[in-house]
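Have a look at the structure below before the remarks.
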Amino acid sequence: MLTVTLQDGGTKEFAPGTTLLTVAKTLSQKLGKAALLAVVNGENRDLTDTLEEDAQVEFITGESAAGLHAIRHTAAHVMAQAIKHLFPTTKFAIGPAIDKGFYYDLDSEHIFTPEDLVAIEKEMAKIVKENIKLERSELPRAEALAFFAAQGEAYKVELINDLPADAVISLYQEGDFTDLCRGPHCPSTGRIKAFKLQSIAGAYWRGNEKNKMLQRIYGTAFNSKEELTAYLTMLEEAAKRDHRKLGKELELFALMDEGPGFPFFLPNGMIVRNELINYWRAVHRRYGYEELMTPMILSRQLWETSGHWDHYKENMYFTQIDELDYAIKPMNCPGGMLVYKTKPHSYRELPIRAGELGIVHRHELSGALHGLFRVRCFTQDDAHIFMMPSQIKDVIQETIRLFDEVYATFGLKYHAELSTRPADSMGDEATWEVATNGLREAMEDFGLKYIVNEGDGAFYGPKIDFHLQDSIGRTWQCGTIQLDMQLPEKFDLTYTGEDGQKHRPVMIHRVVYGSIERFIGILTENYAGAFPVWLAPQQVRVLPISEKFQPYADQVKQQLFDLGIRIATDDRNEKIGYKIREAQMQKVPYMLIIGEQEAASGTVAVRSRSGGDLGVMALADFIAQLTQEIATKQ
RNA sequence: GCUACUAUAGCUCAGCUGGUAGAGCAUCUCAUUCGUAAUGAGAGGGUCGUAGGUUCGAAUCCUAUUAGUAGCUCCA
C-alpha cells in the first residue's frame, strides 16, 4: 500500500494504481465532485493520473485560480470538440485559457458568425451533459506527428516540430476528439458548469503579422452559473462607463471622420484637461521641475541625429518647407536636447528637470485607434531629467514617488513593468546592462513590485511602464520612465564636473499621465463620468423653482461665480423634477434648489448628485464645504 | 495594416424576402410658474456614410471606398 499525506497533515493508504479522482472521492463525496486537479509532491497533475508511490497530495477546486484556469482550458477543448462536430473541416491552432476566459484559434473556409456561436454553445452543452472523460496520453514525437498529419492538422504538426527535443508530447482525448495539449485538465467535461461564447475576431497564427490570419473565438467559463452571470452583468455595467460613450454624452470630446485619431476637445473636456494641467504644474513645481516648450515641426537633420529617422520613420508625419524635409515631432526629446545645448552646464545644476506638455503626432495603424486611448495626436506630459550617473537611482526613486502621488490623487490602481533591450536597438550590451539594473534597483529599493517584459524596451534604452485599468479591466500604459543612454551621446551633451573636465550626462524621459488624452479616458471610465468636484466641468447648478425666484438665484450664482466656481443657472421654464433629472444625468456634483423658503431666509437647499437631498443650509456654509472639497481634491 | 462585423434625423434605434423613410429623446413655438430623476399640445429636421453598378424601381442586392466596433499586430 501507498501512504498519501494530505494537506491537513493526515495520512491515508491506497493501493498502487489508484487514480487521484478515486482518492478525492474516498476522502469525501463533496471533494470528489469539486476537485479538478491535484498537486502531487508539488506538481500539477490530472485527477485521472494514478498514484504509484507515497506522495503528498493536495486537491484543487474551481474556487482557486488554478482550478478556474483548468475549467477554462477544458472549456476551450469542449468548444473545439463542438466545432469539430458542427464544422468537421475546421483546422485547430491553439486554444489556451487566458486571464478572463479562453479562446481557440481556428482555420476554416467557413466564416464564423454570431449565430454559429449559439449553435456551438448548444453542442458544447450536449458534450458537457455527456460528462465525457478527458484522458491523457504521451506519445513519441514520430507517432504524435503521424497522428496529427493523418488528420490534416498542419498547425499541430508545426507546434510539435517546434517543441524541444526532450519535450514530453502529451495528448488529451475526450470521446471522439483528441488535442495536443500540455494540460492539466479537468477529469471530465461535466465539470464545465457555466460557460459563454463571447466574440469572434481575427488573430495571426503565432501572433506574427506575416502569417495567415486565423479566426479566434473567445469565450469564458466560471465555477458556477452565479459567478458567470455576475461577470456578464459587470461587463454590461462597464459598457455604460465606456469613455467613448460618456465623452459624447457629457460633451467632453468628439472624434470625426475628418480627422481619424485626432480628437476634438469640447468645452467640458477642456475644463477637465486644464484642471489636470494645473494640478500637473503644481506637483512638478514642488518636485523641482521647470517647464519649456519646443516646436512641433523640426528639420530632417535633427531626426537623423536623434535616430528617429532610422528607427521611427513609419510612425512619423513629414512635410516640406522651402524644399527641405521636415518632420512633425512624434516625441519631444530631440527638442529638449537642443534646449539643453543652448548653454554650458555645471555639475552643480544637476539634476535638471525640464518638463514639457508636448503635442506629438504619430501615425498609428488605423485598426489600432480606440477612442482617446489610442490616438494619432496627443499631449505628453513629458519631462527630461539630465543628471550625473551617480544620481540615477535617487532621481528614479524620486520620479516613482511623484508618480505614486499623482495616481493616488485619482485613486487609481497601477502596476509596473520593466522592459528590457529590444532587437532593434542602439548601443552596446554593457551600457544596456548598467541602465537596466539601475531601474531595477530603484524599483526594488522603493518597494515597487513589477513584472519584466523581455525585449520590450525603446530602441534607446530600458524603461519602467505604469499601467492603469479601464472599465473592463484592460490595462493601458500611461506613465513611463525611460532611461536614455543614446541621445546625450548623439547630441554630444556635456556638463563640467568638479574636476573641471567635460562629462556626459545621463538622461531620462518620463511621463506621468502618459498622454493627457489617454489619462482623461481612464479617468472618465474610473469615475463613470462623475468627476470629483475639482475636475467637474460644471461644479454647481442653481435650479430656481420658478421665475419668481430668479433674482435670488442670480445673487447666489454671482457669489459663487466670483469665487471661481464653475456654476450655471437652469432658468428654463420647466418643473424642478425635470431640471434635477437633467443635472443628474450630466453628473453635476451639486444642485442648489431655490424656492420661496430659500429666497426668504437667504439659504440654499443643497442636493448632491450622489447623496441626494442634503437639506437647507446657509449659503456661507455651503461655500465653505464646497471650497474645502475642491481644495483637497476629494 | 490584417480578419470579421457595422454605418438610417443632433442622440438612441425601427424599417420582413427591393416599390421610393418612421419612433422616442433633443431642438423650436404656444400653454403651464409647477418643491427633489421626464407637464401638455403643436412644428421643423434625413437625397438612409460616399462613389459606382444591377433593376422598370435600391435605405434594402453587388463592387469599391471612408469611418467606426471586436480582436490581432503595434504602442502613450
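Proteins come first, then strands; the chains are lettered A, B, ... in the order of their sequence lines, and each starts at number 1.
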Problem set entry | Proximal nucleotide (of B:rG35, B:rG71, B:rA37) relative to the A:Gln584 side chain | B:rA37
For this session: Give one of base, sugar-phosphate or nothing for A:Glu249, where a contact means two heavy atoms less than 4.0 Å apart.
Result: nothing
Exercise. Say you draw a straight line from CG of A:Asp381 to SG of A:Cys478; how long is it, rounded to the nearest 0.5 Å?
Worked result: 9.5 Å
Exercise. Can you tell me how far P of B:rA76 sits from CD1 of A:Ile481, to the nearest Å?
Worked result: 14 Å
Exercise. When all nucleic acid strands are considered with a 4.0 Å heavy-atom cut-off, which category describes A:Arg244: base, sugar-phosphate, or nothing?
Worked result: sugar-phosphate
Problem set entry | Residues A:Glu356, A:Lys329: salt bridge by 4.0 Å N-O rule | yes
For this session: Grab the CG-C1' distance between A:Leu369 and B:rC72 for me, whole Å please.
Result: 15 Å
For this session: Kindly say if A:Lys579 contacts the phosphate of B:rC34, meaning a side-chain N or O under 4.0 Å from OP1 or OP2.
Result: no
For this session: Could you work out which one of B:rU36, B:rU27, B:rA76 sits closest to the side chain of A:Arg607?
Result: B:rU36
For this session: Report the nucleotide, chosen from B:rC72, B:rG35, B:rC75, that has the shortest atom-to-atom distance to any side-chain atom of A:Met213.
Result: B:rC72
For this session: Answer yes or no: does a side-chain N or O of A:Tyr578 lie under 4.0 Å from OP1 or OP2 of B:rA26?
Result: yes
Exercise. Is the aromatic ring of A:Phe378 within stacking range of B:rA76, meaning centres under 5.5 angstrom and planes under 30 degrees?
Worked result: yes
Exercise. Is any NZ, NE, NH1 or NH2 atom of the basic residue among A:Lys548 and A:Glu596 found under 4.0 Å from an Asp or Glu carboxylate oxygen of the other?
Worked result: no
Exercise. Which part of the nucleic acid, if any, lies within contact of A:Leu255, taking any heavy atom under 4.0 Å across all strands shown: a base, the sugar-phosphate backbone alone, or nothing?
Worked result: nothing
For this session: Using a heavy-atom cut-off of under 4.0 Å over every strand shown, decide if A:Glu582 touches base, sugar-phosphate, or nothing.
Result: nothing
Exercise. Between the base of B:rG71 and the side chain of A:Gln215, is there a donor-acceptor distance below 3.5 Å?
Worked result: no
For this session: Could you check whether A:Lys463 gets within reach of a base, just the sugar-phosphate, or nothing at all, counting any heavy atom under 4.0 Å?
Result: sugar-phosphate
Exercise. Within the structure shown, what part of the strands sits under 4.0 Å from A:Val375 by heavy-atom distance: base, sugar-phosphate, or nothing?
Worked result: base
Exercise. At under 4.0 Å, does any side-chain N or O of A:Ser199 touch on OP1 or OP2 of B:rG71?
Worked result: no
Exercise. Is any side-chain N or O of A:Gln477 closer than 4.0 Å to OP1 or OP2 of B:rC75?
Worked result: no
Exercise. Taking NZ, NE, NH1 and NH2 as the nitrogens, is one of them in A:Arg353 or A:Glu398 under 4.0 Å from a carboxylate oxygen of the other?
Worked result: yes
For this session: Could you measure between the two C1' atoms, the one in B:rG42 and the one in B:rU60, and give it in whole Å?
Result: 33 Å
Exercise. Is A:Arg216 touching bases, backbone alone, or none of the nucleic acid, heavy atoms closer than 4.0 Å?
Worked result: sugar-phosphate
Exercise. Any side-chain N or O of A:Lys548 less than 4.0 Å from the OP1 or OP2 oxygen of B:rC34?
Worked result: yes
Exercise. When all nucleic acid strands are considered with a 4.0 Å heavy-atom cut-off, which category describes A:Ala583: base, sugar-phosphate, or nothing?
Worked result: nothing
For this session: Please tell me which of the listed nucleotides, B:rU73, B:rA76, B:rA70, lies nearest to the side chain of A:Ala368?
Result: B:rU73
Exercise. Checking only heavy atoms, does the side chain of A:Tyr204 share a donor-acceptor pair with the base of B:rG1 at less than 3.5 Å?
Worked result: yes
Exercise. How far does CD1 of A:Ile508 sit from CD1 of A:Ile464, to the nearest 0.5 angstrom?
Worked result: 8.5 Å
For this session: Tell me which nucleotide among B:rU39, B:rA67, B:rA37 gets nearest to the side chain of A:Asp257.
Result: B:rA67
Seminar exercise, completed: Of B:rU33, B:rG35, B:rC2, the nucleotide closest to the side chain of A:Ala605 is B:rG35
For this session: With heavy atoms under 4.0 Å as the rule, sort A:Gly207 into base, sugar-phosphate or nothing.
Result: sugar-phosphate
Exercise. For A:Arg474, which contact category applies under a 4.0 Å heavy-atom criterion: base, sugar-phosphate, or nothing?
Worked result: sugar-phosphate
Seminar exercise, completed: From the list A:Phe403, A:Tyr279, A:Phe531, ring pair (Phe, Tyr, Trp, His ring centres under 6.0 Å) with A:Phe410 holds only for A:Tyr279
Exercise. Would A:Arg72 count as a cation-pi partner of A:Phe102, with NZ or CZ less than 6.0 Å from the six-membered ring centre and within 45° of the ring normal?
Worked result: no
For this session: Under 4.0 Å between any heavy atoms, over every strand shown, what does A:Gln550 touch: base, sugar-phosphate, or nothing? Just pick one.
Result: nothing
Exercise. For A:Ile580, which contact category applies under a 4.0 Å heavy-atom criterion: base, sugar-phosphate, or nothing?
Worked result: base
Exercise. What's the closest nucleotide to the A:Tyr218 side chain, out of B:rA37, B:rC72, B:rA76?
Worked result: B:rC72
For this session: State whether A:His370 places a side-chain N or O below 4.0 Å from either non-bridging phosphate oxygen (OP1 or OP2) of B:rA70.
Result: yes
Exercise. Starting at CZ of A:Phe549 and ending at P of B:rC34, how long is that distance when rounded to a whole Å?
Worked result: 7 Å
Exercise. Heavy atoms under 4.0 Å, any strand shown: does A:Gly577 hit a base, just sugar-phosphate, or nothing?
Worked result: sugar-phosphate
